[in-house]
Amino acid sequence: MRILVAEDDATLAAGVACSLRQSGYAVDWVKTGVEAEAALDANQFDLLILDIGLPKKSGLEVLKHLRGRDSHLPVLLLTGFAGVRDRVRGLDGGADDYLAKPFDLDELKARVRALTRRGMAGAATVMRCGSLAYDQVGRAASLNGHSLELSARELSVLEIFLQRPGRAISKEQLVSHLCGWGEEVSANAIEVYVHRLRKKLEPGGVRIETLRGLGYRLEKQ
C-alpha cells in the first residue's frame with residue numbers, strides 16, 4: 001500500500017512516515033500543496049494524508065483539485081485543534097476522515113486501517129491462494145489455518161504477489177511498490193525477501209517461481 005503524506009512540518013512528517021513504514025507501508029512525502037497536486041497527478045497512491053495548512057496551495061485546494069478529476073482516493077485530513085470550520089469544509093469537500101493535531105501515531109494508523117476497510121467495501125478483504133490466506137486490512141497471513149510470522153516487508157511482497165497471481169512480477173515492480181521516494185532497496189534485498197517468503201510458503205504447497213530475466217510468479221491455484 002502506497003501513501004502520500006502532504007505536510008510542511010518536517011518533524012511531524014518524519015514521525016508519521018517512520019511509523020507507517022514500520023507497519024509495512026510505502027510512504028512518500030511532499031511539503032507544499034503544489035507538490036502534492038503534482039505527485040497526485042503523476043503517481044498512483046492508495047491513501048492521501050493531507051495537512052490543511054499547506055504553503056503555496058492549501059490542503060482544501062488540493063482536495064478540490066483531487067475530487068475535481070473524479071478521484072476516489074481516500075483522504076485523511078490533518079488539522080489544527082481549533083480548526084473546526086476547516087474540518088467541516090474538508091469533510092464537505094470530500095475528505096473521508098480527519099485528525100486534529102497533536103495526535104497519537106497509533107490512532108493515525110488505526111484510522112489508516114479504517115480507511116482501507118472503507119475503500120474495500122464490497123470487495124473481499126481476505127486474499128487466498130490454495131492453503132494461503134492474507135487479510136489485507138489486518139495485515140496478517142496464515143497457511144493451512146496457522147498464523148505465518150512475516151516481517152512487514154515480507155507481508156508487502158506477499159500482498160503484491162497475491163494481487164497478481166499467475167503473472168510475472170519484475171524486481172523493478174516490487175521495488176516501486178515497496179519503497180517511497182528516496183528509499184533504496186537493492187535487487188539483492190528483493191531476492192532475500194522473496195527467498196525468505198518462499199521458504200515459509202512452500203510447506204503449505206504455495207510456490208513462488210523464479211522466471212529467468214522476468215522476475216517472479218506466484219503459482220495460481
Does Lys57 reach the side chain of Glu37, with side-chain heavy atoms less than 4.5 Å apart?
yes

If you draw a 6.0 Å radius around NZ in Lys109, do more than 12 non-hydrogen atoms from other residues or ligands fall strictly inside?
yes

So, Arg198 and Thr210: side-chain donor and acceptor under 3.5 Å apart, yes or no?
yes

SB check Arg111 Asp97 (cutoff 4.0 Å):
yes

Side chains of Arg69 and Leu40 in contact at under 4.5 Å (non-hydrogen atoms)
yes

For residues Leu4 and Leu73, determine if any side-chain heavy atom of one lies less than 4.5 Å from a side-chain heavy atom of the other.
no

Side chains of Leu108 and Leu76: does their closest heavy-atom pair fall under 4.5 Å?
yes

What's the spacing between Glu154 CD and Leu201 CG if we round to 0.5 Å?
9.5 Å

Do the non-hydrogen side-chain atoms of Leu54 and Glu61 ever get within less than 4.5 Å of each other?
no

Val34 and Trp29: same hydrophobic cluster, using ILVMFWY side-chain contacts below 4.5 Å?
no

Spacing of Leu148 atom CG and Lys200 atom NZ [to the nearest 0.5 Å]:
8.0 Å

Check whether more than 12 heavy atoms from other residues, nucleotides or ligands sit under 6.0 Å from atom CZ of Arg164, and answer yes or no.
yes

Side chains of Leu158 and Leu218 in contact at under 4.5 Å (non-hydrogen atoms):
no

Looking at Arg67, I want to see if its CZ is surrounded by more than 12 non-hydrogen atoms of other residues, nucleotides or ligands under 6.0 Å.
yes

Checking Arg139 against Tyr25: charged group under 6.0 Å from the ring centre and within 45 degrees of the axis?
yes

Single hit among Leu99, Leu50, Leu48 for side-chain contact (heavy atoms from CB on, under 4.5 Å) with Leu77:
Leu50

Side chains of Phe103 and Val16, heavy atoms from C-beta outward: is any pair under 4.5 Å?
yes

